[in-house]
Amino acid sequence: MTAKPQIVVIGAGAIGGWTALYLQRGGARVTLVDGWGPGNSRASSGGETRVIRGAYGPDQPYTALAARAMQLWKEQEAQWGRGRRFFFPIGVLWMVEGAGDFERGSLPLLKSAGIAFEELSTREMSRRWPQINLDKIEWGIYEPAGGYLLARASARAVAEQFVAEGGEYREAAVLPPDDIEGLDSVGWSKLALSDGSTLSADCYVFACGPWLGKLFPRTIGSFFASTKQEVFFFGTPALDARYNEDHIPVWADHGERFMYGIPGNEGRGFKIADDTRGPRFDPTSGERVTSADRLAEARRYLAYRFPGMKDAPLVEARVCQYEDTSDHNFIIDRHPGNDRVWIVGGGSGHGFKHGPAVGEMVTNVILKDVPVVTNYRLSRFSETKNTL
């Protein structure tokens with residue numbers, strides 16, 4: 001790298017936007033490119049809200065990463081000032097059925113990362129949140145420092161901050177070479193854009209979410225999938241505050257299926273989603289229409305776990321996508337055939353919250369030669385047969 005390298009970041013979502021911002025702050029000259037803009041409806045970073053939490057089970061790097069992300073979100077909010085708030089620490093409640101190996105394995109890492117938590121009995125949960133039916137629930141974890149983030153709004157704010165600090169933003173589609181994976185760093189000297197212009201740089205960071213598998217089919221195609229995920233928002237009862245964010249936290253129900261939800265958020269409704277991976281989905285041409293079956297499942301679950309919400313009207317529904325790797329770990333690594341190209345993504349349904357921490361990490365890797373964490377290296381795919 002030169003003293004002030006020129007870097008192009010492709011993708012202005014949660015990962016790309018924060019990466020561009022931290023690279024700019026690190027002394028690089030950065031151009032951020034996105035085809036439809038930060039937080040657009042096709043992006044994995046679009047939509048209203050995302051959960052921010054620390055519990056991740058045993059033997060993983062994400063609890064420590066989440067702790068760092070929480071700190072960076074707060075620092076950036078302080079820089080933005082009181083008029084711009086995107087992190088709402090209303091708490092996260094984990095409801096545990098059965099042995100709860102995931103939750104039990106999370107506790108030592110939460111403690112090590114300095115993320116506050118409480119282990120709660122069902123009696124205590126029932127006392128605090130009587131509006132929840134705790135049938136089959138045996139115990140729980142409460143993370144008071146967790147909560148939710150505004151998704152689309154913060155993605156746009158990060159891009160605006162990047163420009164305010166001297167970065168260049170271009171809204172155009174990238175037209176990569178026909179054989180992007182067949183060209184080494186000598187054979188590929190510039191990147192064409194849909195407006196007819198080109199960009200030349202010392203380094204290209206592809207952080208384009210669900211499009212990564214299409215761009216790099218030989219490198220990650222067998223281990224990467226874009227899946228259709230459906231999210232529903234139900235209207236809370238009139239004059240009943242039990243289901244808004246002042247009276248109930250973000251929640252996760254780790255039973256036969258992993259259901260989760262977010263209350264409130266400026267009256268947008270009581271959000272419910274199923275973490276189960278949906279069918280393959282094309283982020284460019286896919287029709288974002290929810291299915292009757294998934295809606296019926298959401299209604300059944302809502303009436304069961306939150307009886308006071310039975311027969312609640314659907315006020316909004318969305319289709320987004322996960323950019324899923326076969327082991328649900330992120331990708332942060334150089335392309336094996338082109339040392340000027342970095343692949344960054346694979347959020348796997350849990351990447352949004354980590355945006356600032358990943359942006360900081362990628363900056364340290366590229367500008368300071370800090371080694372890539374083993375869990376994120378591309379080489380792990382050559383060592384496994386676990387494809388998608």
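What's counted below: heavy atoms across the whole structure, side chains too, no hydrogens, waters or symmetry copies. These numbers come from a predicted model, not from an experiment. The residues of the chain are indexed from 1 along the displayed sequence.
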J.: Could you give me the CA-CA distance, side-chain angles and deciding distance for Thr31 and Glu168, then say whether side-chain hydrogen bond (donor to acceptor under 3.5 Å, both in side chains) is met?
T.: CA-CA 5 Å; Thr31 301; Glu168 179 189 11; 3.0 Å; yes
J.: Can you find a heavy atom in the side chain of Val250 that is under 4.5 Å from one in the side chain of Arg53?
T.: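 Result no, sub-4.5 Å side-chain heavy-atom pair not found.
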J.: Residues in side-chain hydrogen bond (donor to acceptor under 3.5 Å, both in side chains) with Asp135, at least two apart?
T.: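 Asp135: side-chain hydrogen bond (donor to acceptor under 3.5 Å, both in side chains) contacts with Tyr304.
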J.: In a check of side-chain contact (heavy atoms from CB on, under 4.5 Å) between Leu212 and each of Ile10, Val344, Ile343, which one passes?
T.: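 Exactly one option meets the side-chain contact (heavy atoms from CB on, under 4.5 Å) with Leu212, and it is Ile343.
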J.: Phe270: which other cluster members, linking ILVMFWY side chains closer than 4.5 Å, directly or transitively?
T.: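 Phe270 clusters with Leu93, Met95, Leu120, Met125, Trp129, Ile132, Leu134, Ile137, Tyr142, Phe232, Phe234, Tyr243, Ile248, Trp251, Met259, Ile272, Leu295, Tyr301, Leu302, Phe306, Met309, Leu314.
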J.: Under a plain distance cut-off of 3.5 Å, with no hydrogens placed, do Asp327 and Thr325 share a side-chain donor-acceptor pair?
T.: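 Present: a donor and an acceptor within the cut-off.
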J.: May I ask you to check whether Phe162 and Trp18 place their ring centers less than 6.0 Å from one another?
T.: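 Judged by ring-centre distance (under 6.0 Å), Phe162 and Trp18 do not meet the cut-off.
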J.: To check you understand the geometry: which heavy-atom pair defines the closest contact between Arg377 and Pro371, and what is its length?
T.: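 Scanning both residues, the minimum pair turns out to be NH2-CB, 4.5 Å.
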J.: With a 4.5 Å limit on heavy-atom distance, are the side chains of Glu297 and Arg257 in contact?
T.: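 Yes - at least one pair of side-chain heavy atoms lies under 4.5 Å apart.
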J.: Are any of the side-chain nitrogens in Arg268 or Glu48 under 4.0 Å away from the carboxylate oxygens of its partner?
T.: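 Yes, charged N to carboxylate O under 4.0 Å.
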J.: Would you mind checking if Arg305 and Asp253 are paired as a salt bridge, meaning a charged N to carboxylate O distance below 4.0 Å?
T.: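 Judged by the 4.0 Å cut-off on N to carboxylate O distance, Asp253 and Arg305 do form a salt bridge.
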J.: Is any NZ, NE, NH1 or NH2 atom of the basic residue among Glu160 and Arg84 found under 4.0 Å from an Asp or Glu carboxylate oxygen of the other?
T.: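 The answer is yes: the pair qualifies as a salt bridge.
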J.: Are Trp94 and Phe102 near enough that their ring centres are under 6.0 Å apart?
T.: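 Aromatic pair counts; centres sit under 6.0 Å.
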J.: Verify the cluster assignment for Ile141 and Phe258: are they in a single hydrophobic cluster under the rule of side-chain heavy atoms below 4.5 Å apart?
T.: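 Shared cluster, yes.
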J.: In terms of ring plane angle, is the pair Phe330 and Tyr62 parallel, tilted or perpendicular, where the classes change at 30° and 60°?
T.: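 The rings of Phe330 and Tyr62 stand perpendicular, inter-plane angle above 60°.
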J.: Side chains of Lys228 and Val319, heavy atoms from C-beta outward: is any pair under 4.5 Å?
T.: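 Yes; the side chains approach each other to less than 4.5 Å.
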J.: Tell me which one of Glu245, Lys271, Arg50 satisfies side-chain hydrogen bond (donor to acceptor under 3.5 Å, both in side chains) with Tyr148.
T.: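 Looking at Glu245, Lys271, Arg50, the match for Tyr148 under the side-chain hydrogen bond (donor to acceptor under 3.5 Å, both in side chains) is Glu245.
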J.: Under 3.5 Å, is there a donor on one side chain and an acceptor on the other for Tyr322 and Asp275?
T.: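 Checked: Tyr322/Asp275 side chains pair up, N/O donor to acceptor below 3.5 Å.
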J.: What do you reckon, are the aromatic ring centroids of Tyr376 and His354 less than 6.0 Å apart?
T.: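 They do not qualify: ring centres at least 6.0 Å apart.
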J.: Charged N to carboxylate O under 4.0 angstrom, Arg128 versus Glu118?
T.: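 Looking at Glu118 together with Arg128, the answer is yes, because their closest N to O distance falls below 4.0 Å.
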J.: Closer than 4.0 angstrom, basic N to acidic O: yes or no for Arg170 and Asp195?
T.: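 Looking at Asp195 together with Arg170, the answer is yes, because their closest N to O distance falls below 4.0 Å.
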J.: Would you call Glu230-Arg288 a salt bridge at under 4.0 Å N-O?
T.: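 A salt bridge is absent here (no side-chain N lies under 4.0 Å from a carboxylate O).
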J.: Go through Leu149 and Trp73 one step at a time and tell me if the side chain to side chain contact (heavy atoms under 4.5 Å, CB included) criterion holds.
T.: CA-CA 9 Å; Leu149 300 160; Trp73 276 104; 3.8 Å; yes
J.: Using side chain to side chain contact (heavy atoms under 4.5 Å, CB included), reason through Glu77 and Arg85 one step at a time and then give a plain yes or no.
T.: CA-CA 6 Å; Glu77 276 199 343; Arg85 187 183 179 200; 3.6 Å; yes
